[in-house]
Structure formats: structure tokens, C-alpha cells
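First comes the structure, then the notes that go with it.
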Amino acid sequence: MSVAIRRAIYGKMSGDATLVALLGTPATGRSKAIYHQQAPEGTGYPFVIFNKQAGTPRYAIGDRAYDSELWLIKAIDRDEVPGESSADTADAIASRLDVLLTDGTISISGATQLYLRREADVEYAETTDGVTYHHAGANFRLIYE
């Protein structure tokens with residue numbers, strides 16, 4: 001089911017013109033700067049990364065009743081100009097992700113969505129080789145049967 005879920009989440013994000021307009025140039029061969037697990041080399045900033053953090057099947061009287069998954073969906077941007085923070089851009093993308101996904105609907109092939117909601121915020125910065133990268137987004141709970 002993971003492939004169908006990934007495609008549904010990607011489809012929801014990539015189909016939103018407001019979100020796509022906030023993102024940088026996609027990597028060669030990609031149409032949007034939205035990536036599962038890891039951005040390829042050559043990706044322009046900012047971009048969105050999403051990946052499953054946890055998944056728990058739930059059972060009722062011996063049969064699988066539904067699945068509950070936690071997905072990390074976040075923006076990543078980097079400081080291009082020394083002394084100027086890109087945190088505002090990452091925050092703007094995170095806000096759009098919240099509007100788009102909290103109580104939003106996605107079309108899952110072979111399953112029915114029951115619930116999609118932001119569960120916990122994610123926000124941090126990291127510095128590598130003198131460049132600061134800002135991460136902003138959230139963990140989203142997806143429940144489907």
C-alpha cells in the first residue's frame with residue numbers, strides 16, 4: 001500500500017499551484033520540487049520532502065480494520081545570502097502544507113481515506129560547511145481502510 005499512499009500524497013501536493021509556486025527549480029527529470037525521502041542532487045531550494053515515519057495496522061475481531069500512519073512532510077530551504085535567513089520561506093511552505101493537508105482529502109488507489117490531520121510540528125535548522133538549512137513542516141496522521 002505504500003506506493004499508493006506515496007502517490008496520493010504527492011498528487012495532492014503537486015496539484016496545488018500555490019504550493020508549487022513557492023518551491024524552487026526541480027531536479028533534472030522531475031516536474032516538481034517535491035520528493036519522497038530524499039531530494040536528488042541538483043535540486044533547487046526550497047523543496048518539500050515527505051516520508052513515512054511509522055505505520056500501525058489496527059485489528060478488530062481478528063481482521064484488519066484500518067491502518068494508521070504518521071508522515072513527515074516538510075520544507076527545506078537554505079540561506080543563500082550570508083546573514084539573511086531563509087526560515088521565513090520554509091515557514092511559508094509549511095503553512096501551505098498545513099492548509100492543504102490538514103483535514104484534506106487524498107485519492108488512494110485501492111483504499112479509502114478516513115482521516116488526515118497535522119499531529120505535531122517540525123522545525124529546526126542545521127549548518128553544514130557554513131551553510132544553514134531550515135526545515136519546517138509537520139507530522140501528519142493518515143488513517144485509511
Side-chain angles (χ1 to χ4, degrees), residues 1-80 85-129 131-145:
M1 187 55 65
S2 289
V3 172
I5 301 298
R6 284 196 309 266
R7 288 180 178 162
I9 293 170
Y10 177 85
K12 180 71 171 184
M13 292 186 292
S14 67
D16 184 69
T18 302
L19 174 63
V20 171
L22 294 169
L23 304 178
T25 303
T28 302
R30 305 293 179 98
S31 62
K32 308 286 189 296
I34 301 169
Y35 309 101
H36 178 248
Q37 295 182 335
Q38 180 175 321
E41 287 189 38
T43 297
Y45 288 85
F47 57 83
V48 169
I49 292 287
F50 69 104
N51 59 284
K52 185 165 75 170
Q53 298 291 292
T56 307
R58 300 293 182 181
Y59 294 87
I61 311 175
D63 288 328
R64 193 175 199 149
Y66 63 89
D67 287 275
S68 177
E69 297 181 349
L70 190 63
W71 286 81
L72 170 61
I73 305 173
K74 66 179 180 174
I76 302 174
D77 200 5
R78 70 175 179 193
D79 293 345
E80 298 287 340
S85 175
S86 62
D88 290 349
T89 303
D91 286 342
I93 295 167
S95 292
R96 184 62 192 164
L97 290 168
D98 185 28
V99 167
L100 189 61
L101 297 171
T102 298
D103 295 326
T105 58
I106 59 175
S107 179
I108 306 167
S109 178
T112 301
Q113 174 194 330
L114 302 174
Y115 179 89
L116 178 60
R117 186 169 289 169
R118 186 181 84 223
E119 194 163 285
D121 294 338
V122 173
E123 183 178 348
Y124 62 95
E126 62 181 332
T127 301
T128 303
D129 297 328
V131 178
T132 301
Y133 299 85
H134 297 275
H135 301 249
N139 285 314
F140 290 86
R141 174 73 56 193
L142 171 63
I143 299 175
Y144 61 93
E145 60 181 358

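Please read these numbers as outputs of a predicted model, since none were measured by experiment. Below, all heavy atoms of this structure are taken into account, side chains as well, without hydrogens, waters or symmetry copies. Count residues from 1 along the sequence.
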Query raised in the report: Which distance, rounded to the nearest 0.5 Å, do you find between the CG of Asp98 and the CZ of Phe140?
Result: 5.5 Å

Query - Closest contact, heavy atoms only, Ala33 versus Pro46 - result: CB-O, 4.1 Å

Query raised in the report: How many angstroms lie between CG in Asn139 and NZ in Lys74, if you round to the nearest 0.5 Å?
Result: 10.0 Å

Report summary line: Heavy-atom closest pair (Ala136 atom, Ala90 atom, distance to 0.1 Å) is CB-O, 3.7 Å

Report task. Using side-chain contact (heavy atoms from CB on, under 4.5 Å) as the criterion, point out the one residue from Asp77, Leu23, Ile76 that pairs with Thr89. Result -> Asp77

Query raised in the report: Are there more than 12 heavy atoms of other residues, nucleotides or ligands under 6.0 Å from atom CZ of Arg7?
Result: no

Query raised in the report: Is the shortest heavy-atom distance from the side chain of Ile5 to the side chain of Glu69 under 4.5 Å?
Result: yes

Query raised in the report: Below 4.5 Å, heavy atoms only, C-beta onward: do Ile34 and Lys32 meet side chain to side chain?
Result: yes

**Report entry** CG-CD1 distance between Asp67 and Ile143, expressed to the nearest 0.5 angstrom
**Finding:** 10.0 Å

Query raised in the report: Between Tyr10 and His36, is any pair of side-chain heavy atoms under 4.5 Å apart?
Result: no

Query raised in the report: Do the side chain of Gln113 and the main chain of Ile106 share a donor and acceptor less than 3.5 angstrom apart?
Result: yes

Query raised in the report: Under 3.5 Å, side chain of Tyr35 to main-chain N/O of Ala27, donor-acceptor pair present?
Result: yes

Query raised in the report: Does the side chain to side chain contact (heavy atoms under 4.5 Å, CB included) test come out yes or no for Met13 and Ile73, once each step is laid out?
Result: CA-CA 10 Å; Met13 292 186 292; Ile73 305 173; 3.7 Å; yes

**Report entry** side chain to side chain contact (heavy atoms under 4.5 Å, CB included) assessment of Ile93 paired with Leu19
**Finding:** CA-CA 7 Å; Ile93 295 167; Leu19 174 63; 3.8 Å; yes

Query - Exercise: identify the closest heavy-atom pair between Ala75 and Leu97 - result: N-CD1, 4.4 Å

Query raised in the report: Quick one: CG on Leu101 to CD1 on Ile9, what's the gap to the nearest 0.5 Å?
Result: 7.5 Å

Query raised in the report: From Arg141 CZ over to Leu70 CG, what is the distance, rounded to the nearest 0.5 angstrom?
Result: 4.5 Å

Requested in this report: Ignoring hydrogens and angles, tell me if any N or O in the side chain of Glu126 forms a donor-acceptor pair with the backbone of His135 under 3.5 Å.
Outcome: no

Query raised in the report: Within a strict 4.5 Å, meaning less than it, do heavy atoms of the Asp91 and Glu123 side chains meet?
Result: yes

Query raised in the report: Can the ring centres of Tyr133 and Tyr45 be said to be less than 6.0 Å apart?
Result: yes

Query raised in the report: Sequence neighbours excluded, which residues qualify as salt bridge (Lys or Arg N to Asp or Glu O under 4.0 Å) partners of Arg96?
Result: Asp16

Report task. Please step through side chain to side chain contact (heavy atoms under 4.5 Å, CB included) for the pair Asn51 and Gln53, ending with a clear verdict. Result -> CA-CA 6 Å; Asn51 59 284; Gln53 298 291 292; 2.6 Å; yes

Query raised in the report: Does some side-chain heavy atom of Trp71 sit less than 4.5 Å from a side-chain heavy atom of Arg6?
Result: yes

Query raised in the report: Between Asp88 and His134, does any side-chain donor sit less than 3.5 Å from a side-chain acceptor?
Result: no

Report task. Report the distance from atom CD1 of Ile108 to atom CD of Glu145, rounding to the nearest 0.5 Å. Result -> 10.0 Å

